[in-house]
There are 2 protein chains.
Amino acid sequence: MSIREIQDLGLTRQREVVLRVIRDAEEHLTANEVFDNAKRLLPGISFATVYNSLRFLKEAGHIAEIRFGNGASLYDRKLARHDHAICTKCGVLVDIEMEHPAELVELAARYSNFKPESLDFTLRGICPDCNK
Amino acid sequence: MSIREIQDLGLTRQREVVLRVIRDAEEHLTANEVFDNAKRLLPGISFATVYNSLRFLKEAGHIAEIRFGNGASLYDRKLARHDHAICTKCGVLVDIEMEHPAELVELAARYSNFKPESLDFTLRGICPDCNK
DNA sequence: ATTAGATTTAGAATAATTCTAATTCTAAGA
DNA sequence: TCTTAGAATTAGAATTATTCTAAATCTAAT
């Protein structure tokens, strides 16, 4: 994940920085956190530009937006399609990387009559830490 | 779904009204829409009370909150656990009522190490209307 | 009737996100 | 290289969604 790799996407400097911040983050970030981190790399960047860039990168498929019950959207580098688990006790959000059972999308499409594009799920439960 | 049935839950008048509005709605409603409809049934009700009631009813398990990429939360009568499909073209949100493949929760729990409580998914795709 | 606790109310406050208008950048053509 | 049109950025205001606050009201149990 070199700078070069990001630059080759033909992004503006601001969008590069936003993408970099998200890719370098250990956790999922809010727009506000992205802004704070981006400002360190590119002090002049504005809040509106962060939002614009997040929208742009989302539409271009480089990142994903996730939303839950409370508060702000979280942004997720999008290395590959994946699902999420959220702890009902402490609220931590983690990624799940697994294949879906073969018939899942097919079933969902059949029941809804939608032409399916993607499917993602959220598991709610107790995280390993809270479960001790 | 008589008034009686709702009253027996031991709710305040305001909470009854909020629950009734959500149960009577054809579609998923935003808090704002719930407020508008509730005001017709109980003119003095305040916005804060609608939010308080939504939170209360959600915690009591009578309704569910759903959030997607843009804008406000939607509220969902909770007749039974169910999933959602959202149209990537027109944005319409519909319910999917189906059983999950048996191994889905189990797999997700195994991969995340969570103690599972519930799982719900969102199918993204093109709705029948947009697909014509 | 009294009272404690929960609920509601109105409106202010906060938080999240988008909009606006002016400015700057960029890439393509003259 | 100069010009220019369109896109992107900026600062800050505006909007939208939600929560908070403090006072008033209701409720159920003494």
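Every chain is numbered from 1 and lettered A, B, ... according to where its sequence line falls, protein lines coming before strand lines.
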**OP:** Grab the CD-C1' distance between A/Glu59 and D/dA8 for me, whole Å please.
**Re:** 15 Å
Can you name the atoms? Protein N/O to nucleotides 16-18 of chain D N/O, anything below 3.5 Å, with the distance.
| residue | atom | partner | partner atom | Å |
| --- | --- | --- | --- | --- |
| D/dT18 | OP1 | B/Ser73 | N | 3.2 |
| D/dT18 | OP1 | B/Ser73 | OG | 3.3 |
| D/dT18 | OP2 | B/Tyr51 | OH | 2.4 |
| D/dT18 | O5' | B/Tyr51 | OH | 3.0 |

**OP:** Only pairs at least two apart or in different chains count here, so list each ring pair (Phe, Tyr, Trp, His ring centres under 6.0 Å) that has a residue in residues 41-66 of chain B.
**Re:** B/Phe35-B/Phe47, B/Phe47-B/Tyr51
**OP:** Under the side chain to side chain contact (heavy atoms under 4.5 Å, CB included) rule, collect the residues that match up with A/Thr49, sequence neighbours excluded.
**Re:** A/Gln14, A/Ile45, A/Ser46, A/Ser53
Subject >> Residues which pass salt bridge (Lys or Arg N to Asp or Glu O under 4.0 Å) with A/Arg110, listed by chain and number, not counting sequence neighbours >> reply: A/Glu106
**OP:** Apply salt bridge (Lys or Arg N to Asp or Glu O under 4.0 Å) to B/Asp83 and list each qualifying residue two or more places apart in sequence or on a separate chain.
**Re:** B/Arg81
**OP:** State whether A/Thr12 places a side-chain N or O below 4.0 Å from either non-bridging phosphate oxygen (OP1 or OP2) of D/dA8.
**Re:** no
Original post:
Out of curiosity, does A/Leu57 fall in the hydrophobic cluster containing A/Leu42 (side-chain heavy atoms, cut-off under 4.5 Å, transitive links)?
Top reply: yes
Subject >> Letter per nucleotide, 5' to 3', of nucleotides 20-30 of chain D [B base touched, S only sugar-phosphate touched, - untouched; heavy atoms, 4.0 Å] >> reply: B----------
Subject >> A/Phe35 CZ to C/dT18 P, straight-line distance once rounded to whole Å >> reply: 16 Å
**OP:** Name all residues meeting the salt bridge (Lys or Arg N to Asp or Glu O under 4.0 Å) criterion together with B/Asp36; count only those two or more places apart in sequence or in a different chain, and write none if there are none.
**Re:** none
**OP:** Sorted by first residue and then second, give each ring pair (Phe, Tyr, Trp, His ring centres under 6.0 Å) pair with at least one member in residues 104-132 of chain A; sequence neighbours left out.
**Re:** A/His100-A/Phe121
Subject >> Whole angstrom value for the distance that separates C1' of C/dA15 from CD of A/Glu33 >> reply: 14 Å
Original post:
Between atom CZ in A/Arg15 and atom P in C/dT26, what is the gap in whole Å?
Top reply: 12 Å
Original post:
For the pair made of CD1 in A/Ile45 and C1' in D/dT9, what is the distance, rounded to whole Å?
Top reply: 9 Å
Original post:
Using a cut-off of less than 4.0 Å, is there contact between a side-chain N or O of A/Ser46 and OP1 or OP2 of D/dT10?
Top reply: yes
**OP:** Whole angstrom is fine here: how far is it from CG in A/Leu74 over to C1' in C/dT17?
**Re:** 15 Å
Subject >> Whole-Å gap separating C1' (C/dT7) and CG (B/Leu42) >> reply: 13 Å
Original post:
Residues two or more places apart in sequence or in another chain: which of them pass side chain to side chain contact (heavy atoms under 4.5 Å, CB included) with B/Ala109?
Top reply: B/Pro116
**OP:** Output yes when a side-chain donor or acceptor of B/Arg15 lies under 3.5 Å from a complementary backbone atom of B/Asn52, and no otherwise.
**Re:** no
